[in-house]
Structure formats: C-alpha cells, structure tokens
Amino acid sequence: MTTREQGLFLRALSGESLSRPPIWMMRQAGRYLPEYREVRARAGGFLDLCYTPDLAAEVTMQPIRRFGFDAAILFSDILVLPHALGQKLWFVEGEGPRLEPVADAARFGEIRAEIDQDKLAPVYETVRRVRAALSDETALIGFCGAPWTVATYMVAGRGTPDKGPAKALFRDDPALFGAMIDRLVENSATYLIGQLDAGVDAVQIFDSWAGSLEKADFLRWCVRPMAEIVARVRARHPEARIIGFPRGAGELIPLYLDAVKVDAVGLESEIDRDFARDAIQSRVTVQGNLDPLTLRAGGEALEREVAAVLAAFGAGPFVFNLGHGILPDTPIAHVERLLELVRN
Ligand code: CP3
C-alpha cells in the first residue's frame, strides 16, 4: 500500500485539502447500470454474486471503467457477516434481505463465536483480484456494517421502519443485546483486518441506522462498539484509513469523533452544512453529501446542489459522494453530468 503513489482519494483521507475533490458514490455498482443487471441475472441470486470472485470483481470494476471514479468499493453486503456467523440469510427479489431472527438467548446460543473464514474467503479473493486490476491512482474501499445497524437486521430478520425489535431487545434484555454487539465488534474487526490483509486501501463502516437512537443509546450501542472496532483494526493495521458513516447522527457526530478514531466521516444529505464544516470538517475529512434524489432529478437542481456542496466543503479535506446510496432509477446521464461538475 505504501509503495504505490497515493491517488486523490487517499490524499483526502490523509487530511489534504485538494483543488478538486476525489469522487465515488455509495452503491455505485448496482441496478442503475445495465451492465450490472446483466451480470446480476447471470449470477442467479444476489448472494451468489457476492460469493463468486469473478463476478463480484467484475461488478466492482464496472463503475470504474464507465466513469473513472477515484475509488472502487468492494461488491458485497454488510449482512455477509451474520451469514458467516451461521445465521441463515437470503434475499427476496424486489424486497430485500431476510434472516432467521436471533432475538433470544436460545437462538443467540446457536450463533458461532467466530466468523467462518472459509465462507468469507471468496470476498478476500475478490479484493485481491480487484486490487490487481485497478490502477495505482484508484483506491479500493472495503467495508462492513456497524454493530448497531447489523444487529437491527439480525434481531428483526429483515429491515424495519422503526428498528422496534432491536430496541425492544436492548430494553428488555440489555445483557443479551450487549453480548450480541460484543460478538459483532470482535468479528467485524477480524473481517476488516482480513480485507486489509487482502489489499483494500481503506475501509468504511456503515451505520445506516445510527440516527434512530437518542443520545444515551447512541453512545452505548453505536459509539462505544465503533470505538472498539477502530482500536482493534488499528492495533493490527496502524496506518489503516477508516471512514465512519453514522448516518443520521447529525449534531451527535462531534461526540462520536471524541471516541471513534476515524480518518473521515460520511455526512447524510440532511445535515446542516455550516455545522458540518465548522464542527466536523475542522476535525476530520468529510465525505458526502449530495442528496440521491437530487442526482436522480438532474437539471437545475443538480447544478445548484453540487455547487452548494462544493462551496460548503471544497476548501477543506473532502471526498465528494452522495448522502446515501444511488437510487436504482437514476439516469446514467446525470452521473456523467455530476462528474463533469465536480471535475471541471
Ligand atoms: O456500494 C456499493 O456499490 C458496494 C456494495 C454494497 C451493497 N450493499 C450491495 C447491495 C454495500 C456497501 C452495501 C451496504 C449495505 N447493505 C447497507 C449499508 C448501506 C446502506 O445502504 O444503508 C445495508 C443496510 C445493507 C443491507 C441491504 N442489502 C439491504 C437493506 C438491501 C435491499 C435494498 C436494496 O437496495 O435492494 C440489500 C441488497 C443490496 N446490497 C443490493 C446491492 C447492489 C441490491 C441487490 C440486487 O442487486 O438485487
């Protein structure tokens, strides 16, 4: 990693302010691309795609070939971790993930203490293949889900609007929920270390549902576990570049930064940009925060919002991105226009 010359993305994560920011998009490999839909159809199931290095490497590279983003993100899913802990996982077409819920001590007792590394071997192999295929200037990002977000799926067995089942478990049985979070902390660190060993240049930890917790629960179930994961990863990879994405945490993000030693923080679209610049970008690199709906809309709105994002964050250490994943019905021409606007 250190022998290669660093491209814009890694320079921004090192705290450099650049005359033009690096850019990539969350969910940049996905259904808005016809070439993705073609490979996806060939793979059969979504999990088959994640666990087949040839195909996973191919879809990881597709948005790089088409758009020349400054970073590729490993094609996988945050739920492969509970899968590697032995929880049953499948994806229902057009709906999303389903897991056999783990919501009591008996079910938790059936979960492995440690991830089955054989199950994750294809993911590490995908990393090696993609890193070999990428140019030196393009970074490869690995990832996992944060314990709270992954636990919301483990407990409910699916996505839930209010995170009710996970909240009910931490209120009714905090010891059991705490044991589940600890299990995720240890294994997420192991998994990220495995990805770094295989050659990713940076990792992002997605806490998509951080915004569903009030302050005390946020500190206990998001901040504390995240601090521990980052410390464990840094014990093995002191130079690791780590991005935290406590989506929706808003004004609580400075508290997160007090404890979680990340190099950069992802910003959701709804955050107040003045606050984010003054209270967050003054401390770490920020990444974000164009609204995916604006990208889908295109036109005047897109021009205006890209200018606003650049005006707010362009002078400091910054990685251009969306505030959440690209929507499947986003026109490709809008992505092309976005790249022109950011790079001109
Ligand atoms: O960003 C990328 O291009 C890399 C790949 C990636 C996927 N999922 C592929 C995917 C990443 C980084 C994720 C993270 C992920 N997965 C998160 C955190 C980020 C976020 O979006 O909030 C979460 C919560 C999940 C769990 C998950 N996976 C859900 C809820 C769904 C269904 C919703 C949907 O968008 O379909 C998935 C499926 C999924 N993961 C798809 C992709 C490309 C769509 C599957 C398909 O092709 O049919």
Side-chain angles (χ1 to χ4, degrees), residues 25-34 36-52 55-56 59-60 62-63 73-103 107 111 115 119-120 122-123 126 142-169 180 184 187-188 191 204-213 221-222 245-248 266 268-270 291-293 295-296 321-330:
M25 293 189 317
M26 288 185 280
R27 289 284 178 95
Q28 65 191 14
R31 281 167 293 182
Y32 74 106
L33 290 176
Y36 170 83
R37 295 196 297 269
E38 192 270 316
V39 175
R40 172 78 169 74
R42 235 188 319 138
F46 171 69
L47 276 177
D48 297 312
L49 181 51
C50 292
Y51 292 134
T52 308
L55 301 180
V59 296
T60 303
Q62 285 173 345
I73 181 160
L74 167 69
F75 190 85
S76 182
D77 197 84
I78 64 168
L79 298 177
V80 301
L81 190 102
H83 198 216
L85 286 172
Q87 191 169 9
K88 290 206 174 59
L89 168 69
W90 66 103
F91 283 81
V92 178
E93 207 57 56
E95 289 187 35
R98 294 289 182 276
L99 304 92
E100 209 166 80
V102 174
R107 275 298 165 81
I111 290 294
I115 44 175
K119 217 158 170 178
L120 295 171
V123 178
T126 303
F143 70 91
C144 70
W148 162 245
T149 287
V150 174
T152 65
Y153 292 96
M154 288 180 75
V155 173
R158 58 190 299 158
T160 44
D162 57 357
K163 321 306 158 214
K167 289 183 178 180
L169 185 59
M180 194 180 297
L184 289 168
N187 286 288
S188 300
Y191 181 43
Q204 175 157 324
I205 307 174
F206 288 89
D207 211 347
S208 305
W209 308 123
S212 63
L213 297 175
W221 304 119
C222 293
F245 185 31
R247 190 169 72 90
E268 69 264 16
S269 307
E270 295 78 10
D291 190 336
L293 290 162
L295 180 60
R296 185 174 69 180
N321 205 313
L322 304 174
H324 201 190
I326 184 172
L327 297 162
D329 52 350
T330 302

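What you see is a predicted model; the values in this text were computed from it and never measured.
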Parallel, tilted or perpendicular: rings of Phe75 and Phe46 (30°, 60°): perpendicular
Under the side chain to side chain donor-acceptor pair (under 3.5 Å) test, residues paired with Arg42 that sit two or more places apart: Glu38
Stepwise side chain to side chain contact (heavy atoms under 4.5 Å, CB included) check, Arg158 with Val92: CA-CA 10 Å; Arg158 58 190 299 158; Val92 178; over 6 Å; no
Beyond-backbone contact of Val80 with Tyr51, side-chain heavy atoms, under 4.5 angstrom: yes
Nearest-0.5 Å distance that lies between atom CD1 in Ile73 and atom CZ in Phe206: 4.0 Å
Lys119 NZ: over 12 foreign heavy atoms closer than 6.0 Å: yes
Which atom of Leu74 lies closest to which atom of Gly142, heavy atoms considered: CB-CA, 4.4 Å
Distance, nearest 0.5 Å, that separates CG of Asn321 from OG of Ser269: 9.5 Å
Student check: side-chain heavy atoms of Val155 and Met180 closer than 4.5 Å: yes
Glu268 CD to His324 NE2 distance, which is reported to the nearest 0.5 Å: 10.5 Å
Closest non-hydrogen atom pair, Pro246 against Gly266: CD-O, 4.2 Å
For Ala146 against Asp207, the heavy-atom pair lying closest together: CB-CG, 3.3 Å
Gap between atom CD1 of Ile78 and atom OG of Ser188 - 0.5 Å precision: 9.5 Å
Nearest-0.5 Å distance that lies between atom CG in Leu120 and atom OG1 in Thr126: 11.0 Å
All N/O donor-acceptor pairs, side-chain side in residues 95-103, below 3.5 Å, sequence neighbours left out:
residue: Glu95; atom: OE1; partner: Arg98; partner atom: NH2; Å: 2.5

Other residues, nucleotides, ligands: >12 heavy atoms within 6.0 Å of Arg37 CZ: yes
Phe245/Phe143 aromatic ring centres below 6.0 Å: no
Test log, rule side chain to side chain contact (heavy atoms under 4.5 Å, CB included), inputs Asp77 and His83: CA-CA 10 Å; Asp77 197 84; His83 198 216; over 6 Å; no
pair Leu213-Cys222: side-chain heavy atoms closer than 4.5 Å: yes
Heavy-atom pair of closest approach, residues Ala151 and Ala166: O-CB, 4.5 Å
Leu79 and Pro82, any side-chain heavy atoms less than 4.5 Å apart: yes
Residue pair Leu49 / Tyr36, side-chain heavy-atom distance below 4.5 Å: yes
Check: Leu33 and Pro63 side chains under 4.5 Å, non-hydrogen atoms: yes
Test item: Asp329 side-chain N/O and Arg296 main-chain N/O as donor-acceptor pair under 3.5 Å: no
Beyond-backbone contact of Tyr153 with Gln87, side-chain heavy atoms, under 4.5 angstrom: no
Arg31 side, atom CZ; Ile326 side, atom CD1 - distance, nearest 0.5 Å: 11.5 Å
Criterion side chain to side chain contact (heavy atoms under 4.5 Å, CB included) on Ser212 and Asp162, from CA distance to verdict: CA-CA 7 Å; Ser212 63; Asp162 57 357; over 6 Å; no
Arg27 vs Tyr32 side-chain heavy atoms within contact, under 4.5 Å: no
Donor-acceptor pair, side chain of Asn187 and main chain of Ile115, under 3.5 angstrom: yes
N/O donor-acceptor pair under 3.5 Å between Thr149 side chain and Trp209 backbone: yes
Criterion side chain to side chain contact (heavy atoms under 4.5 Å, CB included) on Leu55 and Asp48, from CA distance to verdict: CA-CA 9 Å; Leu55 301 180; Asp48 297 312; over 6 Å; no
